[in-house]
There are 2 protein chains.
Amino acid sequence: MRERVTLRDVAHVAAVSAKTVSRVVNGDAHVTPATRARVQQAIADLGFQPNLVARSLRVGRADVVGLVVESLADPFFARLTSAVEQAAHERGLAVMVSSVGNREPERESVIVESLLVRQVAGLIVAPMAQSHAYLAGTGRRTPIVFIDRLPEGLVSDAVLVDDLAAGEMATRHLLDHGHRRVAFLGSELRNPTTRLRLAGYRRALATHGLADEESLVAVGAGTAAEARAAAEQLLAAPQPPTAIFSSNMRCSLGLVPLLHGRGRTDVAVVSFDDFAMADSLVPAVTVLDHDPEVIGRAAAERLFRRLDDLDAPPETVTVPVRLVPRGSGELRPDDREVVPDHDRPQDRLQDMARHGGEGRTSTMTSLNAQEGAR
Amino acid sequence: MRERVTLRDVAHVAAVSAKTVSRVVNGDAHVTPATRARVQQAIADLGFQPNLVARSLRVGRADVVGLVVESLADPFFARLTSAVEQAAHERGLAVMVSSVGNREPERESVIVESLLVRQVAGLIVAPMAQSHAYLAGTGRRTPIVFIDRLPEGLVSDAVLVDDLAAGEMATRHLLDHGHRRVAFLGSELRNPTTRLRLAGYRRALATHGLADEESLVAVGAGTAAEARAAAEQLLAAPQPPTAIFSSNMRCSLGLVPLLHGRGRTDVAVVSFDDFAMADSLVPAVTVLDHDPEVIGRAAAERLFRRLDDLDAPPETVTVPVRLVPRGSGELRPDDREVVPDHDRPQDRLQDMARHGGEGRTSTMTSLNAQEGAR
DNA sequence: AGCCGCGTTGTCATCGATGTCAAGCCTCGA
DNA sequence: TCGAGGCTTGACATCGATGACAACGCGGCT
């Protein structure tokens, strides 16, 4: 129930000035060992703990990083947050998290500003808002690292996924499983992400010496329903694809139920982005997945380097995606039968028993692997 | 790229004192409408934003709540964090999260102190450490709400789950499905949580007019392996149970793989705590589940009330648990055959299509429901 | 011996906001 | 007309730490 102890109290007990105590606390070299010892003794006796808010005011910034994501409840962002928090902790920084929610992207600016007024040293933002004009003059005072998407017309540090390589990887995966008619399902081409993934798709085709067939590329689907319709068209074509690369989650949410509803689970599918239930369907959906731990740490480290050198030119870090084979992407063009599924739960059971709720594995192979609550 | 704007700058432009600007910013009533307007104009012109760090120093506390959990990557804590963050945001508070990690519970004190020195207004802690002596005098200065477990020898605000009711609910669920020989599998009785759940189990038996049979209660299993052994004993008994209430996750991690390995999926199971894969097994495991959103919000609101009245006596909030029927708990004593499983994924598919990746449903029925990454 | 230089320590102002207290002004009633 | 009381506004100190700068003491040098 001790009263708050300040530098001055310690100074008084150690018979030195507050400034000297400050030097000891901050590890300043210019202090005599004898003085240092006396001060440290006083600190210990009084149980002094520096007030970081006061320090923050004086030095003009808090030793805190702000993190802005869409939703903390989303496992992707949860793991990202965890990675950022670990990296920050190693550097002695605290983390303030805020979620924007998926309803109103405009809330992003409010959230960001609520962190700025708290003088965070830096921000990591997974952008949702359309415009980032509100960030106009902020960058210099408070560095920002963007995740996953670079806001329009802003040059800034960012951590992006390698969409080109990802598109190529997905497509090659299907080609390697014997498919020759691989379709591309994507949303609007305005989206640079989609463009890059499509480019990767084409590059993989070219590498395999295949022509890029116009009729196999279905883009423009903005919603799951539109994606479903686009997929229906693909399947109804005279020479339908035997495999489909669904280049984002929304598309998959249209495509996959369609295939299951029609009993067309013989069509091979690789989906970008993991999505709910992707691994409990039969066959489970092979996905290209971002590794949130890798992205989070990369973003944190990019930010730290920026804090150490505010004047270096902006840098973009590109992280690879992983392909998580689960069944749907490993179907061959002549497969008419689905892999029996009753061995899959068994596999997982063994996995579960092996990990036994004790340690967390450092690299998880399945995105959906999750520890039980508590 | 504007320089930082302070109260004084605004005061200068509006030709008033800094104090008056402060009054306007804080909505103090004692300001002439004319003055107020002039000040607000100046604030808008200069783009002034108050420096919350300075305010925090002055008032002695930051408008921040600290949250300490085991792991942010754990979906339970992720959703809890999300709920806390939302509640805090509604009150204008930011949230600093820190995770302790499951390796060294002693790190808890370091984490908590790193938040205290940042002058957080209050803390929400899911305790892991054995001793909380380090919190000795803290409570008065910085209120703490504990989640799920009350630290030894500390009277404090807390949010606990209703273990008694939960034990009763699980057991009654099994009894209602026709079972008469229901076993209880639990860890050490030293653990008050286990004691309460066992009491609930007994109460349900009593309500159904059943005797409490000693041989059906297996407690003391500290690890999954021990739980497995205990379950083996139960099943090998002359009159084995037809249903088992596994009273915590560790027990379930011993019990469930055993049943599956032995092909004894005819034994009904209700498990406390959701766990990895619980819903993708066949049959999926019926669980009693904490609702992290409810717990998080309850903790936040308890904390806010405490902030409003530091002298009220400590209060414990008890939240109910939910029973999530998934199959294993709905088996009847005479069931020899497992529900065919291929319709379950279909159900989910429809579910998935219906929600279509658009809105987040406000109350999720399945704990494991999760949005895809991004 | 006296001066220089270096390393230690202290004084003072400051970061930006707010609590305290009082001054100034206005209104109303005696 | 004058004083009391209320409201608006401002001057000043303060929260706790740190940066700039100065003073001090001591050893080495000429």
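Chain A is the first sequence line, chain B the second, and so forth, proteins listed ahead of strands; every chain is numbered from 1.
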(message) Nearest whole Å is fine: how far is dA17(C) C1' from Gln119(A) CD?
(response) 12 Å
(request) Take the protein atom CZ of Arg55(B) and the nucleotide atom C1' of dG16(C), then report the distance between them rounded to whole Å. (result) 11 Å
(request) Looking only at side-chain atoms of Ser22(B), point me to the closest of dT9(D), dT18(C), dG16(D). (result) dT18(C)
(message) Expressed as a whole number of angstroms, how long is the span from Asn51(A):CG to dG16(D):P?
(response) 7 Å
(request) Counting heavy atoms from C-beta on, name the nucleotide in dT9(D), dA17(C), dT18(C) closest to the side chain of Thr35(B). (result) dT9(D)
(message) Let me spell it out: for each of Lys19(B) and Val59(B), pick the nucleotide of DNA chain D with the closest heavy atom. Which residue's pick is nearer the 5' end?
(response) Lys19(B)
(message) Assess whether a salt bridge exists between Arg4(B) and Asp9(B), defined as any Lys/Arg side-chain N lying under 4.0 Å from an Asp/Glu carboxylate O.
(response) no
(message) Rounding to an integer number of Å, can you tell me how far Arg23(B) CZ sits from dC7(D) C1'?
(response) 11 Å
(request) Figure out the CG/P separation between Leu57(A) and dC15(D), and round it to whole Å. (result) 14 Å
(message) How many whole angstroms separate atom CG of Asp9(A) from atom P of dC15(D)?
(response) 11 Å
(message) From CG of Leu52(A) over to P of dC15(D), roughly how many Å is that when rounded to an integer?
(response) 18 Å
(message) Using the side-chain heavy atoms of Pro50(B), tell me which of these nucleotides is nearest: dT9(C), dA17(C), dA17(D).
(response) dA17(C)
(message) Quick check on DNA chain C: between Ala18(A) and Pro33(A), whose nearest nucleotide comes earlier from the 5' end?
(response) Pro33(A)
(request) Round to a whole Å and report the spacing from CG of Leu7(B) to C1' of dT14(D). (result) 15 Å
